[in-house]
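Quick caveat: nothing in here was measured; it's all calculated off a predicted structure. Only heavy atoms go into these numbers, but all of them, side chains included; no hydrogens, no water, no symmetry mates.
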Amino acid sequence: MGENLYIAQAIVNNNSLHTDKIFDYSIPEDLQGVVAKGMRVMVPFGIGNNRLEAYILNIKKEEKVTYKLKDILYPLDDKPILTETQIKMILWLKNKYLCRYIEAIHCFLPSGIVNKEKKIVELIEKDWQKVISRNSKNQIEVLRILEDLGGKITLEKLFGKLSFKNFQSTLKILEEKNIIKIDYSISSRIKIQTQQYAQLTLKDDEVDTTIASLKNAKRQKEILLFLKAHKECAVKELLDILKVTRSSLNALISKGYITIIDKEHKRDPFKDIVFKDFPKLVPNSQQKKVIDVITNYIKEEKAHTFLLHGITGSGKTEIYLQLMEQVLKKDKQGIILVPEIALTPQTVERFYGRFGEGIAVLHSNLSDGERFDEWRKITEGKVNIAIGARSAIFAPFKNLGMVIIDEEHENTYKSEINPKYHAIEVANYRSKEEGAIVVLGSATPSIESYYKGEQKEVSLFTLTKRATASDLPEVEIIDMRKELDNGNKSILSHTLFSAIQQNLEVNKQTILFLNRRGFATFVSCRQCGYVVKCKHCDIAMTHHKNMKNLQCHYCGDKIQEPETCPSCSSSNINYFGAGTQRIESLINTYFPKAIIERMDMDSTIVKGSHQRILEKFKKGKIDILVGTQMISKGLDFPNVTLVGVISADASLNLPDFRASEKTFQLVTQVAGRAGRGLDKGRVILQTYNPEHYSIYTAANHDFESFYKEELLLRKEFIYPPFVQLINICFTGKNEKEVYIVSEKITNNIKYILQAKGYSQYNEIVFGPNPAIISKINEKFRYQILLKNHEVPYHLLRSIVKYLLLDKRQKFIPSTITVSIDIDPLYIM
DNA sequence: AGCACGCCGACT
DNA sequence: GTCGGCGTGCTC
């Protein structure tokens, strides 16, 4: 016939490395012009022609094909759910972060939108006992279960009940014997909620005559009058407002005067919250300069990145708000990223307070349905602003004007699951592709971002004035070694103790900060130095006092708290350092009259407990708040005049090249919690390393000095921003095998480097080494670290891609998992 | 991953 | 001869 063949190039929704490629499907004639690029379709896949959802990335025309192609079954969307821009970005993500297509695709879609055709198993031969031989144990088991559960269940459910794994052949035999039937049923986890609306079918001039004709039907007249005035109304509301019953309405419906239509009803997660108006503030001179400069870029639609380095309280949020106003004026949309939305309610409140409705909020604990609704508000153009955590960077705006990333140094902007993207990288990409600007803000910028500022790659603004007149708090460093010399074995120095006491006397609030949940509460023997570690994960176990046990925070294993040292039997075993719980109970005994509350991962498991504690604190119903990182962010309480940092060192001793940076950031952020009001704040910093630069520069609020010092070290030891890193982690149950595979890959990388003329590979490839956490959940972990030291970065990446993706089957047995992290934040 | 195929041992 | 366990290899 010589007719053209339309071929859809699609990615199947199958979370496997082996199917991570583009599959071609022919588009049957009746679907030509119906299915398009960016749509989801159902396709048959594999030998069993299992039905899978597939995402069409491209459609091409070919005259003939020499290979067999299967037909698309049917479309799942009536219009594309992925735009051209997004498809391009999917390819970029895959290539940059070396993830799978499907993982990149999932960034753009709300979870739960995925359709699956479930297999339904149905019993059709009731008298099966006559046909099946007594020996076929497995077949009998399947049929019994089917019978018990009503003769029709999903394959999944059946599989869950079976005592054997290999059910496929059993089912096939039963199907062939016509005893069971296997069918498909489509299921989507999300349903669009609809609400009934009443509408008039009469024309305006008909209404009055109709009303007159109704005579005695008083209620019906009221309804018609109401609808004449309001055009349409939700049935629920109509009945509520007019105090009429459904029967009156039904009468009108049966007479044909009114119709009921289903209208989509969007769930609103913030419906119960009233936001106070947040009026525009007059910017100070520094703020105004920033706003003016960036506004020009917005007006000219120039892609560019800005870094706002502003001390806490320098009014960055007001800058964000005024820039957003400019973006909206250009009919463009904006994204605001915050580290974690539950911890930064003030940012959300201010945006709502300034712009009212028209904002989509992408919470971390939205339900699938709520998330879907927020996503639809964006795709349908109903909102122009999206606020959310990391994943909101993928908000599907059509005309993006600006991305704001607040607290840009935060770790939460780097994804820990594939694709392991960094929100700043994605923002910069979108900026260039979509002509938007990026605004990064932080009181303690990351070394990488600040370095880019110095290199003029991004425009740097420094804000030194606090927007409100309050001064930065004074920070005192307490040398805990001297405390010990003076006979104070307590975890509170004399200075901090008396400061808390004074603060309580004048009815001011105190925040006590501890570096990590139970990070320091490892159990150690003073006699032999033995540290109790998890036998599965090789990390120190954490003491949980109220449970009287030790827990591993990686695998969750629990053991009884030991009374003597498991190694030398000495009774001199000690609970070292202190977790938040221990501090809480200690403070309780020191200050029995004070109201003390703890805020950490354990005390905020229950949904909404953050807000509850913070609300209580805001109202002044808590005297002392003890907490972890969680309390270091964004809290702005004027009555807090004292911040105590119990031990500034815990994060300093982490085995990571960013340990100093993290310590500086934490101490600075926490110190910024004091003195937000009219009273001067006081910060007391307890440490065993008072001479460490990250401690004293943080105490002096001196980012510049810290940066200079840190940058020297980064340069000397060849770390980012001077090189880029790639971390490859191999995981498996057999330690020897994991080691051998990772060593083989290491040698291959070195071999290729040498062949390409880079013989100094010992400065490029490090490892394989056991990961710092060398064992998680009975699985051993080895890693290779790559640095692009005097070797092109793209060469390193293409080597990794070649060995671990393209030729994966050749090098990696299926018992080993490989995880690739491009530009890792932690190497653990 | 998910499925079928094919080889082999157990059991009638 | 039949059934079921397990290893292997492919998926448009």
Side-chain angles (χ1 to χ4, degrees), chain A residues 5-28 31 35 37 39-75 99-103 105-106 114-121 128 131-145 154-160 162-177 179-180 182-184 417-418 805-819:
Chain A
L5 196 64
Y6 286 88
I7 294 167
Q9 303 194 285
I11 302 302
V12 289
N13 193 1
N14 187 353
N15 199 18
S16 158
L17 267 168
H18 313 293
T19 54
D20 178 46
K21 44 187 153 185
I22 293 174
F23 289 96
D24 287 357
Y25 283 89
S26 51
I27 304 173
L31 290 181
V35 295
K37 194 169 169 178
M39 275 188 194
R40 295 171 303 162
V41 289
M42 202 54 92
V43 295
F45 189 77
I47 305 166
N49 280 335
N50 232 334
R51 289 162 177 217
L52 284 181
E53 192 181 79
Y55 299 81
I56 300 179
L57 296 192
N58 191 29
I59 287 180
K60 62 176 183 181
K61 220 167 32 169
E62 246 166 56
E63 295 201 348
K64 58 171 191 235
V65 282
T66 48
Y67 44 94
K68 62 180 170 117
L69 284 184
K70 288 179 188 173
D71 270 0
I72 284 174
L73 293 170
Y74 58 90
C99 66
R100 298 170 206 168
Y101 283 107
I102 199 70
E103 291 166 332
I105 290 172
H106 282 314
V114 172
N115 291 287
K116 258 197 179 141
E117 283 226 9
K118 280 191 177 156
K119 277 190 174 176
I120 306 280
V121 186
W128 55 269
V131 207
I132 303 288
S133 96
R134 272 174 294 116
N135 304 323
S136 312
K137 305 196 301 287
N138 288 3
Q139 296 181 21
I140 290 170
E141 189 182 334
V142 167
L143 294 166
R144 287 251 159 82
I145 291 167
T154 62
L155 186 64
E156 226 173 306
K157 200 166 170 185
L158 176 68
F159 179 56
L162 289 177
S163 62
F164 59 98
K165 297 181 290 183
N166 192 13
F167 60 91
Q168 295 296 350
S169 50
T170 314
L171 289 185
K172 204 188 156 199
I173 294 160
L174 287 173
E175 200 179 7
E176 276 164 8
K177 288 182 185 165
I179 294 170
I180 61 164
I182 296 176
D183 240 324
Y184 296 94
I417 55 165
N418 280 335
L805 297 180
D806 303 343
K807 298 282 167 200
R808 190 198 153 87
Q809 268 134 312
K810 195 175 158 193
F811 293 107
I812 313 288
S814 58
T815 46
I816 304 248
T817 26
V818 183
S819 153

| Of all the choices, C:dG4, B:dA1, C:dC12, which nucleotide is nearest to the side chain of A:S16 once you look at every atom? | B:dA1
| field | Integer-rounded Å distance: C:dT8 P and A:K810 NZ | value | 19 Å
| request: Starting from P on C:dC12, measure out to CZ on A:F23 and report it in whole angstrom. | output: 6 Å
| said: Rounding to an integer number of Å, can you tell me how far A:N50 CG sits from C:dC10 P? | reply: 19 Å
| query | Taking everything shown except A:K70 itself, do over 12 heavy atoms lie less than 6.0 Å from its NZ? | reply | yes
| task | Calculate the interatomic distance between A:E141 atom CD and C:dG5 atom P; express it in whole Å. | result | 10 Å
| query | A:I47 has an atom CD1; how far is it from atom P of B:dG2, in whole Å? | reply | 14 Å
| task | Looking at every strand, decide which applies to A:F45 at a 4.0 Å heavy-atom threshold: base, sugar-phosphate, or nothing. | result | base
| request: Return the nearest nucleotide to the side chain of A:I173; candidates are C:dG4, C:dG9, B:dA1. | output: C:dG4
| Residue pair A:N13, A:R40: steps toward the side chain to side chain donor-acceptor pair (under 3.5 Å) verdict | CA-CA 10 Å; A:N13 193 1; A:R40 295 171 303 162; over 6 Å; no
| task | Output yes when a side-chain donor or acceptor of A:D24 lies under 3.5 Å from a complementary backbone atom of A:L69, and no otherwise. | result | no
| query | Between C:dC12 atom P and A:I7 atom CD1, what is the distance in whole Å? | reply | 14 Å
| said: Output the rounded distance in Å from OH (A:Y25) to C1' (C:dC12). | reply: 6 Å
| said: Rounded to whole Å, how long is the line connecting atom CZ of A:R51 with atom P of C:dC12? | reply: 14 Å
| query | Is a side-chain N or O of A:Y101 found less than 3.5 angstrom from the main chain of A:Y55, in a donor-acceptor match? | reply | no
| message | With a 4.0 Å limit, can you tell me whether A:Q809 has a side-chain N or O closer than that to the phosphate oxygens OP1/OP2 of C:dG9? | response | no
